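A quick note: this is a predicted structure, and the numbers were derived from the prediction, not measured. Just so it is clear: chains get the letters A, B, ... in the order the sequence lines come, proteins before strands, and each one is counted from 1.
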There are 2 protein chains.
Amino acid sequence: MSDLVTRLRRHNWRITPQRRVIAETLDGSHVHYTAEEILERACEQMPELSRATVYNTLNEMVALGEVLELALDGRSKRYDPNADHEHHHLICEGCGLMKDVHALADPVDWLPGDERHGFTVTRASVTYRGLCPECRAA
Amino acid sequence: MSDLVTRLRRHNWRITPQRRVIAETLDGSHVHYTAEEILERACEQMPELSRATVYNTLNEMVALGEVLELALDGRSKRYDPNADHEHHHLICEGCGLMKDVHALADPVDWLPGDERHGFTVTRASVTYRGLCPECRAA
DNA sequence: ATCCTAGCTTAGACTATGTCTAAACAAAGA
DNA sequence: TCTTTGTTTAGACATAGTCTAAGCTAGGAT
């Protein structure tokens, strides 16, 4: 598994300074940020970075298949740079914090044939929900 | 499994004419609607029904645990009246069709303690993705 | 029956999230 | 250098949903 900038470069995608800052902000964390959080953090590196560029860049990285867009909490979308390996998500119902997790079994194996309604089922992802330590204490 | 209005009444929840129309709009269908779609359909029965009442009522039914709120496509939330039995969702990646399905095991059991990051994990839902018979043929 | 109260409904203002537009800017090739 | 193409920007716009304040309604007390 290589870093996100390297994976993006393989698509002949121009790595501008703005795009690099956004990719580096995204990468290397197992917490998934919203677009606003990425903007805020990336602006620490490049204060003139615009909101539109963050949204454009995230959408392009999703279209290239190198970043996953997650819409699991009904508030704002979150972006997951780990599109190159299988994993599931754990979400705090209090604050929306989202982390990657790994489960012991593949849920596809637990869906009986007569529940498949004729579909060809190719993948399954599990959304675990609960409270993070901070929200439980509060 | 009883109908949604009956289940709601058990919570000592006042069934006003507006709430009844909204519940019946939700319950009669096997498709999961957005709030706007519910408003549009419910207004055929009760044209003066307001948007705020639809949103309030849906949120209350979710809070009572009788309706599930689904945020799976990043656009708008959809509402599922079948909250009285555990189920997961199967989504066609071609046409967006969404069906309820039942799995053989509870995915919470597959998440090891060291993957819980200190969270109290209360539930898990699986989103199965694939192609429905029509989209596979196309 | 009438009044009172609590809770329900309403229109519209407001907030949050995300997209679009048009102009300025930057980089690469002729 | 000039041109072309693609990128970035600020801000207008769009969409989804929440909040507020006022009026309305149902049901209990008298």
Expressed in angstrom and rounded to an integer, what is the separation of Leu70(A) atom CG from dT17(C) atom C1'? 16 Å
Arg78(B) has an atom CZ; how far is it from atom P of dT15(D), in whole Å? 16 Å
Given dC8(C), is OP1 or OP2 found less than 4.0 Å from the side-chain N or O atoms of Arg14(B)? no
Less than 4.0 angstrom from a charged side-chain N to a carboxylate O is my criterion; do Arg10(A) and Glu66(A) meet it? no
Ignoring backbone atoms, establish whether Tyr55(A) has a side-chain N or O less than 4.0 Å from OP1 or OP2 of dT19(C). no
First encountered from the 5' end of DNA chain D, between Tyr79(B) and Glu60(A): Glu60(A)
Check every atom of dT10(C), dG18(C), dC20(C) against the side chain of Ala52(A) and return the nucleotide holding the closest atom. dC20(C)
His89(A) and Asp100(A): side chain donor to acceptor below 3.5 Å: yes
Any sub-3.5 Å donor-acceptor pair from Arg9(A)'s side-chain atoms to Ile15(A)'s backbone N or O? no
Where the side chain of Thr16(B) is concerned, which of dT10(C), dC8(C), dT7(D) is the nearest nucleotide? dC8(C)
Pairwise side-chain contact, Gln18(A) with Val54(A), heavy-atom cut-off 4.5 Å (strictly under): no
Can you give me the bend angle of the helix from dA1(C)-dT30(D) to dA30(C)-dT1(D)? Use the axis through the first five pairs and the one through the last five, nearest 10 degrees. 10°
To the nearest Å, how far apart are Leu49(B) CG and dT9(C) P? 9 Å
With a 4.0 Å limit, can you tell me whether Gln18(B) has a side-chain N or O closer than that to the phosphate oxygens OP1/OP2 of dT25(D)? no
Mind calculating the distance between CG (Leu58(B)) and C1' (dT9(C)) to the nearest angstrom? 15 Å
Do side-chain atoms of Glu115(A) reach the backbone of Val101(B) as a donor and acceptor pair under 3.5 angstrom? no
Separation of atom CG in Asn12(B) from atom P in dG7(C), rounded to whole Å: 13 Å
Report the nucleotide, chosen from dT10(C), dA10(D), dT7(D), that has the shortest atom-to-atom distance to any side-chain atom of Arg19(A). dT7(D)
Over how many whole Å does the gap from Asn56(B) atom CG to dA16(D) atom C1' extend? 15 Å
Cationic N near anionic O, under 4.0 Å, Glu37(A) to Arg78(A): yes
Mind checking if Glu48(B) touches a base, just sugar-phosphate, or nothing, with heavy atoms under 4.0 Å? sugar-phosphate
Angle class for the His88(B)/Tyr128(B) ring planes (parallel below 30°, perpendicular above 60°, tilted otherwise)? perpendicular
For the pair made of CG in Leu39(A) and P in dA16(C), what is the distance, rounded to whole Å? 15 Å
Separation of dG17(D) C1' from Glu69(B) CD (nearest whole Å): 11 Å
Sugar-phosphate only, base, or nothing, as touched by Thr53(B) at under 4.0 Å among non-hydrogen atoms: base
Given dG17(D), dA11(C), dG18(C), identify the nucleotide with an atom nearest to the side chain of Lys77(B). dG17(D)
Result for 5'-nearest mapping on DNA chain D, choosing between Pro17(B) and Asn59(B), is Asn59(B)
So Arg51(A), base contact, sugar-phosphate only, or nothing? Heavy-atom distance under 4.0 Å. nothing
Report yes or no: do Thr6(A) and Asp3(A) form a side-chain donor-acceptor pair below 3.5 Å? yes
